[in-house]
Amino acid sequence: MAAVQPRTPLPATDHKPSPYTGPSRDEMLALRRQYINPGIFTFYKEPLPIVEGHMQYLWDDRGRRYLDAIAGIVTVSVGHAHPRIVQRVREQVGKLSHTTTIYLHPTIGQYGKLLAEHFPDGSDLSVTYFTNSGSEANELATMMARLYTGNCEVIALRNAYHGGLQGSRALTAHGAWNFPLPRPAGVLRAACGYCYRCPMGLEYPSCKMRCATDVEQIIEHEGPGKVACFIAEPIQGVGGVVDPPPEYFKIVYDIVRAHDGLCIADEVQTGFGRTGRHFWGFQNWGVVPDAVTMAKGIGNGAPLGACTTRPEVAKTMAQKHHFNTFGGNPVSMIQGLTTLEIIDSEGLQQNSLEIGGYLKERLLDLQKQHRIIGEVRGKGLMLGAEIVTDPDTREPGTQLADQITEGVRERGLLIGRGGWYGNVLRIKPPMCITRQDADFLIDCLDEVLLSVG
Ligand code: PMP
């Protein structure tokens, strides 16, 4: 892959990467092709080897540095190899690298307490079940909702992503991710609030929020008239950074609760300060869920997920045995606890607000100059730019998005892709990104947009 010198250089860093002495890129690729399940796909025409990371930067096998503007898919929240995390995880691994929750160890409870303190006062969201992934957390949350309400139906949104396991795949209403297999019963899919491509063919606000009010019809006509829960991402991530009109969640939550259901917020991408103004994504919409699921940014790279609910909902789990060997293990717990402490002590939510706001402004400026940016969406450091071939027809610019992603990579910038058509550029960097990084990112995009547009 040719390296192109970008117009604006990547901001300097003090970090000196160690010389890489492992297998070459071609050797890595050959091993991967022979021994690893091909369902585990890679990004880019020429897959990129990543061998070291420090804060918002990554290095490849040849020592080339990149700005990581997708954060291991919205996972590295406080920075790669953050020194405080490295130190505390090292200490923990050296002392006790594993024990299960059948014994007491200090960190799980301390971490549960700190997490509970991050929920809005009066929400009673205080009791957590730790898992190893977002898929597990979502399966647990919907199971608890079913047990608590005695109802079966779960409402999920089209264009949502909630996981890749049997149960969570049923909540993932995104054809590209759905294998041709029977899905578990009891899941109904409602339209999402995606105004740029309104699934109902309407326009906001004359639509009178049909996407939201339709949930009542779905509950009353497609199931027994009662539901266990509604689960949604406050901003759809994999679906292409889709944020609904401001009143959407309030309308749906009211309908769901009137039909005896619980409301679950999947905060796997939106949580932990990423959206800037608020710690949780749901707070942007003025609602309070009954359960919150988390993963990715919660652990800055640890295999860690969680579901936090009210005590009365959590109690349903105690009626039978339930166990997760690695859920709540001391290493993940110390990494999660330290990540949360860093988010607070380093003011990273505030940084998401400031740098995210600046990035969004600059993306909106870019949109004025480049017709192929159809829409800029998102909040804080969860941003998306939808690429189209023509802003009037809104024809998805999937190939253009591909060229842009490759073009910025050549210049040392890693971004993500998403959306049903794969035409949404996703910008979700570690929350420690600086204004200089933001300038580099935008100038890089500008340069590539000029060459493809
Ligand atoms: N929910 C959301 C919103 C996600 O983006 C993802 C992962 N992309 C998941 C759940 C599933 O998380 P995991 O891959 O950790 O199972």
Side-chain angles (χ1 to χ4, degrees), residues 37 39-41 43 70-77 129-143 145 154-174 176-179 187 189 192-194 229-244 249 263-272 274-275 280-282 284-285 289 291-308 324 326-329 332 335-336 339 377-384 415-420 422 424 426-428:
N37 186 309
I40 301 172
F41 61 88
F43 208 47
I70 187 64
I73 319 209
V74 213
T75 297
V76 177
S77 41
Y129 197 125
F130 289 107
T131 64
N132 309 293
S133 69
S135 304
E136 287 179 353
N138 284 331
E139 298 213 358
L140 212 49
T142 46
M143 183 168 84
V154 173
I155 312 254
L157 295 182
R158 297 186 194 133
N159 201 45
Y161 188 95
H162 294 293
L165 303 175
Q166 296 262 32
S168 49
R169 225 169 30 81
L171 310 170
T172 295
H174 211 292
W177 297 91
N178 269 327
F179 290 99
V187 179
R189 273 83 174 256
C192 60
Y194 186 0
C229 62
F230 164 75
I231 180 165
E233 301 152 83
I235 298 175
Q236 292 186 329
V238 174
V241 194
V242 172
D243 43 3
F249 275 97
C263 297
I264 303 171
D266 178 337
E267 295 276 354
V268 166
Q269 296 205 16
T270 47
F272 294 87
R274 176 161 294 279
T275 65
W280 301 108
F282 65 77
N284 291 294
W285 311 124
V292 175
T293 57
M294 301 148 246
K296 291 188 183 274
I298 187 177
N300 203 52
L304 172 58
C307 171
T308 303
N324 188 321
F326 294 109
N329 76 78
S332 296
Q335 183 146 341
T339 300
R377 293 190 290 267
K379 293 183 187 302
L381 287 174
M382 177 150 180
L383 297 172
I415 59 172
R417 293 264 299 279
W420 170 243
V424 181
R426 291 163 71 193
I427 298 169
K428 306 172 179 181

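Whatever order the structure lists ligands and atoms in, that order sets their numbers, starting from 1. When a residue number appears, it is its place in the shown sequence, counting from 1. For clarity, every value in this text was computed on a predicted model and none was experimentally measured.
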Side-chain touch Met382/Thr270, heavy atoms, less than 4.5 angstrom: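 Yes, at least one pair of side-chain atoms sits under 4.5 Å.
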
Please examine the side chains of Trp285 and Pro244, heavy atoms only from C-beta on, and report whether any two atoms are closer than 4.5 Å. yes

Taking 4.0 Å as the limit for heavy-atom contacts, which would you say applies to Asn138 with ligand 1: side chain only, backbone only, both, or neither? side chain

Ligand 1 to [X] polar contact by distance, N or O atoms, under 3.5 Å:
| X | value |
| --- | --- |
| Gln269 | yes |
| Asp266 | yes |
| Val238 | no |

Does a donor on one side chain sit under 3.5 Å from an acceptor on the other, for Ser168 and Asn138? no

Under 3.5 Å, is there a donor-acceptor pair linking the side chains of Gln335 and Ser332?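 There is no such pair (donor and acceptor under 3.5 Å, judged by atom type) between the side chains of Gln335 and Ser332.
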
Where is the nearest protein heavy atom to [atom]: which residue, which atom, and how far?
| atom | value |
| --- | --- |
| atom 14 (O) of ligand 1 | Ser135 OG, 4.4 Å |
| atom 2 (C) of ligand 1 | Tyr161 O, 3.3 Å |
| atom 13 (P) of ligand 1 | Gly134 N, 3.5 Å |
| atom 7 (C) of ligand 1 | Lys296 CE, 3.2 Å |

For Glu233, atoms of ligand 1 separated by under 4.0 Å from a heavy atom: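 Counting from 1, the qualifying ligand atoms are 3 (C).
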
Show which atoms of ligand 1 fall inside a sub-4.0 Å distance from at least one heavy-atom site of Ser133.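 Taking each heavy atom of Ser133 in turn, ligand 1 has 15 (O), 16 (O) under 4.0 Å.
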
Distance (rounded to the nearest 0.5 Å) between Glu136 CD and Thr293 OG1: 12.0 Å

Please check if the number of heavy atoms outside Leu165 that lie under 6.0 Å from its CG is greater than 12. yes

Ring-plane angle category for Phe41 and Trp177, please: parallel below 30°, perpendicular beyond 60°, tilted otherwise.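 Tilted.
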
